[in-house]
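Please read the structure below before turning to the comments.
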Amino acid sequence: MRIDILTLFPKMCEAVLGESIVGRARKNGCIDIRTRQIRDYTQDKHGRVDDAPYGGGMGMIMQPQPIYDCFQSLCEETGARPKLIYLSPQGKVLTQQMVKELAAEPHLALLCGHYEGVDERLLEEIVDEEISIGDYVLTGGELPALVLCDAVARMQPGVLSGDACFTDESHFDGLLEYPQYTRPPVWRGRAVPDVLLSGHHANIDAWRHEQSLLRTEAKRPDLYAAYLNERDEGKR
Ligand code: 4GM
């Protein structure tokens, strides 16, 4: 799949997207993530992309023209219209379920706002979906866009090392991960649970599933209640 990030800070995005698992996934061709500088599309001779709000008040508002032309150039270049997502604290809060749905799209465009926001008419004209990464305010939409890219990238075929990562996630859907251990077998007097050293795979799976249930109940009672609900729905 392809993702285009529309931003005033492409270098900030590239710095993150070039590293680690997402960086490798891009090099491998598992996902095509690009950045587009909104400022390159302004018609203002001084390169301005924002102005004071009508009606007065603090801060600056991003003007519609540069963002609109930036998105149009992307549509023309690709001969299609990607789904345009605006990252904002007013959006629907991102969940793993939403990530799965977005990961199945062929092409997404992510609009990063800055200053005090974006002219409402631009949002009405071209934005398909408004998404928030949580109930807090940041200085720009870049970090939320990068969070979304990371979450969507790891769902693409070939990005995670292929083995258990995926199976476990679907098997224990809606539950927290069980605890993990590596060498040494005893560290500062704390031993790794015996069952994990037993080599008995059925027992290990059962123990891990039980740990997932216990952890979810203790740490995230909301997720646990939803999990039980869904399990019981399935029985009906
Ligand atoms: C206000 C309007 C997203 C602020 C539009 C963006 C938090 C989130 C911004 C904007 C943001 C979030 C920039 N802060 N919770 N700041 O996903 O783009």
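Remember, it's 1-based here, ligands and their atoms both numbered in the order they're listed. For this chain, numbers begin at 1 and follow the sequence in order.
- Protein residues with any heavy atom under 4.0 Å from ligand 1: Tyr86, Leu87, Ser88, Pro89, Gly113, Ser132, Ile133, Gly134, Tyr136, Val137, Leu138, Gly140, Gly141, Pro144.
- Between Glu210 and Arg215 there is no salt bridge, since none of the side-chain N atoms of the basic residue sits less than 4.0 Å from a carboxylate O of the acidic one.
- Here the CD1-CG distance, from Ile204 to Leu197, works out to 8.0 Å after rounding to the nearest 0.5 Å.
- When the shell of 6.0 Å around CD of Gln72 is examined, it contains more than 12 heavy atoms from other residues, nucleotides or ligands.
- Salt-bridge formation is detected for the pair Glu129/Lys83: a Lys NZ or Arg NE/NH1/NH2 atom is positioned less than 4.0 Å from an Asp or Glu carboxylate oxygen.
- Note: Leu8 CG to Arg36 CZ = 14.0 Å, rounded to the nearest 0.5 Å.
- Closest heavy-atom contact between Arg39 and Gly47: NH1-O, 2.9 Å.
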